[in-house]
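Structure record follows, encoded as structure tokens.
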Protein chains: 2
Amino acid sequence: MESVFEIIAEPNRRAILSLLASSQQSVGDIERQLRLPQPAVSKHLRVLREAGFVESTVDAQRRLYSLKPGPLQEVDAWLAQFRRFWSAHVDALERHLDRMDQPATAKRKPRRQ
Amino acid sequence: MESVFEIIAEPNRRAILSLLASSQQSVGDIERQLRLPQPAVSKHLRVLREAGFVESTVDAQRRLYSLKPGPLQEVDAWLAQFRRFWSAHVDALERHLDRMDQPATAKRKPRRQ
DNA sequence: CACGCATATACCCAGCGGAGTATATCAAGG
DNA sequence: CCTTGATATACTCCGCTGGGTATATGCGTG
């Protein structure tokens with residue numbers, strides 16, 4: 001379970017990360033939204049925490065989990081070697097992703113090599 | 001093995017993709033560069049091919065494998081939801097580092113929310 | 001201080017995936 | 001055709017990981 005790729009291979013863990021992308025959540029919140037048994041949630045969170053994907057702050061009996069950017073950036077960095085390749089093949093989708101990538105107010109500016 | 005994430009979770013498959021990012025390769029080429037038994041290479045290539053990561057063209061007895069962009073773009077698209085997040089947190093990281101820079105300025109009380 | 005809620009941990013079990021080995025396919029060339 | 005080289009497939013085995021269940025820990029409250 002060393003690599004970040006193995007960690008995001010698990011669908012429930014990806015779901016947890018997506019939940020946390022909007023805002024921080026307690027274990028109970030995640031448990032309810034994903035309809036996953038609480039020990040499973042805790043176990044996934046432990047994996048994510050130890051890999052640096054998330055961190056927790058204590059709020060009385062609850063633990064609030066929030067995202068940490070590092071490991072996901074690592075994935076992004078690995079993907080970089082392929083961007084050149086696929087932009088040569090499918091320009092339209094690339095532009096599409098760029099648009100989703102940027103807030104509406106941002107001006108168009110090449111962000112990838 | 002449905003999802004693209006499970007497929008790139010395997011280190012040797014990522015290595016194969018990286019090799020193909022530079023140029024197309026035969027099975028034997030990959031086998032030699034990765035020092036992996038040939039059946040293992042063929043099996044990984046089969047997985048990658050069926051998931052649309054690669055395609056093969058016939059060159060006499062050899063099969064030349066080359067990259068296809070689709071699935072990797074899918075990963076990129078999933079990552080998109082976090083880009084906004086981690087660029088926003090560069091600031092937080094800087095503030096954090098700034099604090100750690102300063103020589104022990106008394107103990108910090110735990111923050112409340 | 002005892003109880004209850006929120007979370008973490010321990011343990012077992014079943015399924016899957018990757019390596020290894022052996023074998024099949026198929027093309028080129030003598 | 002028969003052989004050799006290149007690749008694919010079949011099959012077994014083993015380890016790891018995720019879910020389920022039970023239990024521990026920890027904190028706030030009456």
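Convention: sequence-line order gives letters A, B, ...; per-chain numbering from 1. Treat the numbers as computed from the prediction; the structure is a model and nothing was measured.
Atom CG in Leu64(B) sits roughly 11 Å away from atom P in dA8(D) (whole-Å rounding). Arg62(A) has its CZ atom 12 Å from the P atom of dT29(D), to the nearest Å. Atom CD1 in Ile16(B) sits about 14 Å away from atom C1' in dT7(D), given to the nearest Å. If you take CE of Met1(B) and P of dC16(D), they are 17 Å apart, rounded to a whole angstrom. Rounded to whole angstrom, the span from the CG atom of Leu45(B) across to the C1' atom of dA6(D) amounts to 13 Å. The distance from atom CD of Gln38(A) to atom C1' of dT23(D) is 11 Å, rounded to the nearest whole Å. To the nearest angstrom, P of dG5(D) lies 13 Å from CZ of Arg32(B). Note: CZ (Arg35(A)) to C1' (dG19(D)) measures 18 Å, nearest angstrom.
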Would Val54(B) and Lys68(B) count as a side-chain contact (heavy atoms from CB on, under 4.5 Å) if you check the C-alpha gap in whole Å, the side-chain angles of each, and the deciding distance to 0.1 Å? CA-CA 5 Å; Val54(B) 303; Lys68(B) 287 178 66 179; 5.9 Å; no

Just do the side-chain contact (heavy atoms from CB on, under 4.5 Å) check on Tyr65(B) and Ile16(B) with the steps written out, would you? CA-CA 10 Å; Tyr65(B) 281 83; Ile16(B) 290 175; over 6 Å; no

side-chain contact (heavy atoms from CB on, under 4.5 Å), that's the test. Do Leu67(A) and Gln24(A) meet it? Break it down for me. CA-CA 7 Å; Leu67(A) 268 187; Gln24(A) 57 175 11; over 6 Å; no

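Across all non-hydrogen atoms, the minimal contact from Val41(A) to Glu31(A) is CG2-CA, 3.9 Å.
Each of Glu2(A) and Gln61(A) lies near DNA chain D, and the nucleotide nearest Glu2(A) is the one positioned closer to the 5' end. With the nearest nucleotide of DNA chain D identified for both Pro37(A) and Ala60(A), Pro37(A) has the one nearer the 5' end.
Considering only heavy atoms from C-beta on, Glu50(B) stays 4.5 Å or farther from Met1(B) through its side chain. Side-chain contact between Ser26(B) and Arg63(B): absent, with no pair of heavy atoms (C-beta onward) separated by less than 4.5 Å.
Glu10(A) and Arg14(A) are not joined by a salt bridge, as no carboxylate oxygen comes within less than 4.0 angstrom of a charged side-chain nitrogen. Classification of Arg83(A) and Asp76(B) as a salt-bridged pair holds, one side-chain N sitting under 4.0 Å from a carboxylate O.
The span of DNA chain C lying next to chain B, judged by atoms under 4.0 Å from heavy atoms, is bounded 5' to 3' by dG17(C) to dA28(C).
Each of Leu48(B) and Leu64(B) belongs to its own hydrophobic cluster when Ile, Leu, Val, Met, Phe, Trp and Tyr are linked at side-chain heavy-atom distances under 4.5 angstrom.
Contact check of residues 5-15 of chain A against DNA chain C (heavy atom, cut-off under 4.0 Å) returns no residues at all.
Of the side-chain N and O atoms in His44(A), one or more sit less than 4.0 angstrom from OP1 or OP2 of dG19(D).
Here the nucleotide nearest the side chain of Tyr65(B), chosen from dC27(D), dG20(D), dA8(D), is dA8(D).
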